Every structure is written in C-alpha cells, then in structure tokens.
Amino acid sequence: MSLNKIIAAVLVACFVFFTLLVIIAWSVGNKALDADAYLDTLSEAGVFEVPYLLIGDGEIPGPGGVLLREGPLSAVSGAALEKVSRELAPPDWLRSQMARAIHDLIAVAEQPEIDELPDVVISLSEVKARALAEPGDRALAIVVAALPECSAGEEPFRVSADKPICKPAGVNMAPFLGNLKARLVPLVNRVPDTYRISWQPEQRDVLEDLQSAGQTLKKLRFALLFLVALNLALLALVWVLAVRSPAEWLRWTGVPLLLLGLLTLLLALLIPLIVSWGLDNTTLWAEGDVPAALAQSLEQAIRDYGQMLFRPARLVSLVLIVVGLVLTLISPLFTRPRRILQSQ
C-alpha cells in the first residue's frame with residue numbers, strides 16, 4: 001500500500017470517529033430541550049395514570065390520605081374515589097399541568113438571564129368547572145352511593161374525625177343530590193383558580209444546573225457545525241490522496257459510510273441498554289418516600305426517553321449503511337478492464 005493510501009486510511013478513521021460524535025451528539029441534543037419528548041415518554045410510561053391508581057389502592061399520602069382513609073370519607077372505597085378523581089381531574093388535565101411546568105423549566109435552561117426558578121402553577125379552574133357541571137354530578141352520585149345509611153338518631157353528613165359520613169335512609173336521592181350540590185356550589189367557588197408551589201432557596205442549584213445544561217447545548221451546536229466542516233474536509237482530503245478512478249471514489253466513500261453506519265447503530269442500541277441495565281441494578285428512589293408504582297413508571301419513562309434520544313441516530317445509521325453498502329457493491333462495475341497486449 002502506498003504512503004498516500006496509508007494516510008488516507010488514517011484520515012478515514014478520523015472521519016468515522018468525528019462523524020460518529022456528531023451524529024450521537026446531534027441526536028441527543030435534538031431532544032434534550034424538547035418538552036413534548038418528556039411529556040410523550042411520561043405518558044407512554046403511564047406516569048399520568050399513577051395518581052389514580054394510588055387513590056384506587058388507598059395509597060394517598062399526606063393529610064388528604066388521613067382524611068380519606070380514617071376520616072369522614074373512610075367508608076368510600078378506593079375504587080369509588082378513583083372514579084371521582086377521574087371525573088374531576090382527568091389525565092388530560094394532569095398532563096396539561098405537567099406540560100406547563102416542563103415548559104417553564106426549559107425556558108429557564110434557554111434563558112440564562114432568569115435569576116430564579118418560576119413557581120409551579122397548578123390551574124384549578126378546569127377542575128372547578130367540571131365540579132359544577134355533569135362530571136361533578138357524577139362524582140357526587142358516586143360518593144353518596146358509597147356512603148352507609150345513617151342509623152337511628154344519627155345526623156346525616158355530620159363531619160366527625162372518627163366516624164364516616166352517612167346518608168339519610170330511604171330518602172329520594174335525586175332531589176337530595178340536587179339540594180346537596182346547591183350547598184356545595186359556594187364551597188367550590190371559594191376555591192382559588194390557581195395553586196402555586198414555590199421553589200425553596202436551597203433548591204437554587206436546580207436553576208444553576210438547568211442554565212448550565214442550556215449553555216452546554218448551545219456550545220455543542222457550534223461545535224457540531226465545526227466538526228461537520230472538519231469531516232467534509234477530511235473526506236475531501238481522502239479523495240485527493242487515494243482516489244484515482246470512479247471505482248476508487250465509490251470504495252473510499254462507501255466503506256467509511258458503511259463503517260460509520262454500523263458503529264452508529266451499535267452505539268444507538270447499546271447506550272439505552274446500558275441505561276436500562278443501570279436502572280435495574282440501581283435504586284433511584286433510595287429515600288423511600290416515592291410510591292413503588294410511581295418509581296417504576298418513572299424508571300420506565302427514563303428508559304423510553306433514552307430510546308427516543310437515540311432514535312434519530314438509528315435512522316441516520318440505517319441510511320448510512322444502505323448508502324455505504326450500495327456504493328461498495330457497485331464499485332467493481334466501474335473498474336476499467338485491463339487491455340491485453342498481443343504480440344505482433
């Protein structure tokens with residue numbers, strides 16, 4: 001092999017390595033600040049269904065859990081409460097609240113001049129509207145139907161810390177529900193339209209991490225443009241040093257593309273598998289304050305997100321493999337046959 005072709009082979013190796021970096025980095029950076037990517041993976045992993053499942057199983061944290069498990073509504077089963085929660089605050093509402101929070105956090109990553117994390121704003125206006133409309137009627141009917149009937153001398157709907165609410169025995173439920181709803185309307189209207197959750201001062205490192213990630217991605221985009229230009233220059237130099245015919249051009253172009261496609265596909269498949277293996281062998285929620293169902297759904301969302309990050313790289317790798325294979329296979333068709341010199 002001539003010196004030119006040895007140098008060309010080294011340049012091909014550099015071209016494959018740098019282009020591999022470009023494809024992987026572009027594939028990851030393409031989705032890193034995409035809010036829909038996060039929402040889609042959370043939805044596909046069933047994260048937005050977990051709160052309702054927890055309510056159905058009776059795993060309700062905080063004061064609300066005490067109220068429903070031990071307080072006035074303790075006679076209502078978890079299955080009935082799950083139906084009520086789906087009527088008043090359906091999964092689409094939960095997704096919209098999460099979407100707003102994710103978009104706000106991504107805005108922090110994209111705008112370094114922001115000096116504090118935005119509050120997490122939960123809109124309750126849709127829940128209030130549903131509570132006063134047909135979904136609220138259905139929810140109220142579910143709760144009342146699940147209540148036990150009052151015993152003799154027991155006052156209906158008397159709120160007590162140690163006894164569940166009861167309903168009147170033998171009463172006509174239709175007008176009773178209408179009267180009950182009329183009493184609930186002022187209570188619902190007094191509920192604020194929004195509920196804000198503020199970040200604590202000690203959580204400022206979240207702001208710094210988000211802005212650092214945003215700045216890193218911006219620098220990465222400029223670096224990718226430089227690497228693309230460098231890779232094109234390397235490939236052009238390979239052609240100058242090694243290509244002397246159409247067949248050689250096809251081989252010196254097809255083989256690097258084929259090799260690049262295979263390596264890209266290997267990494268795009270291997271990295272998500274390593275992430276999945278790490279999740280299976282590492283306790284993400286070591287504190288123990290995250291319900292198991294939620295932890296499992298979030299782990300599945302992380303796996304799905306890893307697959308989504310490398311989906312563009314997998315598509316590019318398949319194109320490179322096909323193009324590289326075709327160029328390599330057809331290269332012999334462009335080889336000029338040697339002329340046989342006959343002695344005269």
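What you see is a predicted model; the values in this text were computed from it and never measured. Nothing fancy with the numbering, it's 1 onward along the sequence.
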Q: When you measure from the side chain of Gln97 to the backbone of Ser123, do you find a donor-acceptor pair of N or O atoms at a distance under 3.5 Å?
A: yes

Q: Does atom CE of Met308 have more than 12 heavy-atom neighbours, drawn from other residues, nucleotides or ligands, at distances under 6.0 Å?
A: yes

Q: Specify the closest pair of heavy atoms between Pro256 and Val16, including all atoms of both residues, with the distance to one decimal.
A: O-CG2, 3.9 Å

Q: I'd like to know if Glu82 and Arg86 make a salt bridge, using a cut-off of under 4.0 Å between side-chain N and carboxylate O.
A: yes

Q: Looking at Phe48, is Arg95 sitting on its ring face, NZ or CZ under 6.0 Å from the six-membered ring centre and within 45 degrees of the normal?
A: no

Q: Is the closest side-chain heavy-atom distance between Asp34 and Asn30 below 4.5 Å?
A: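 No; the side chains remain at least 4.5 Å from each other.
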
Q: I'd like to know whether the aromatic ring centres of Trp249 and Trp239 sit less than 6.0 Å apart in this structure.
A: yes

Q: Quick one: does Ser297's side chain have a donor or acceptor within less than 3.5 Å of a partner on Leu294's backbone?
A: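 Here the side-chain-to-backbone pair does not exist.
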
Q: One thing to verify: whether Arg303 and Glu44 come together as a salt bridge, which I'm taking to mean a side-chain N less than 4.0 angstrom from a carboxylate O.
A: no

Q: Is there side-chain contact between Leu318 and Val322, with at least one heavy-atom pair below 4.5 Å?
A: no

Q: Would the distance check show the side chain of Arg130 and the main-chain N or O of Glu87 forming a donor-acceptor pair, the cut-off being under 3.5 Å?
A: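 Indeed, once roles are kept as given, a pair shorter than 3.5 Å links the two residues.
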
Q: Apply the side chain to side chain contact (heavy atoms under 4.5 Å, CB included) test between Val188 and each candidate in Leu132, Leu124, Val127; give the one that qualifies.
A: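 By the side chain to side chain contact (heavy atoms under 4.5 Å, CB included) criterion, Val188 pairs with just one of Leu132, Leu124, Val127: Leu132.
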
Q: Between Ala37 and Tyr305, which heavy-atom pair has the shortest distance, and what is it?
A: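 The answer is CB-CE1, 4.1 Å.
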
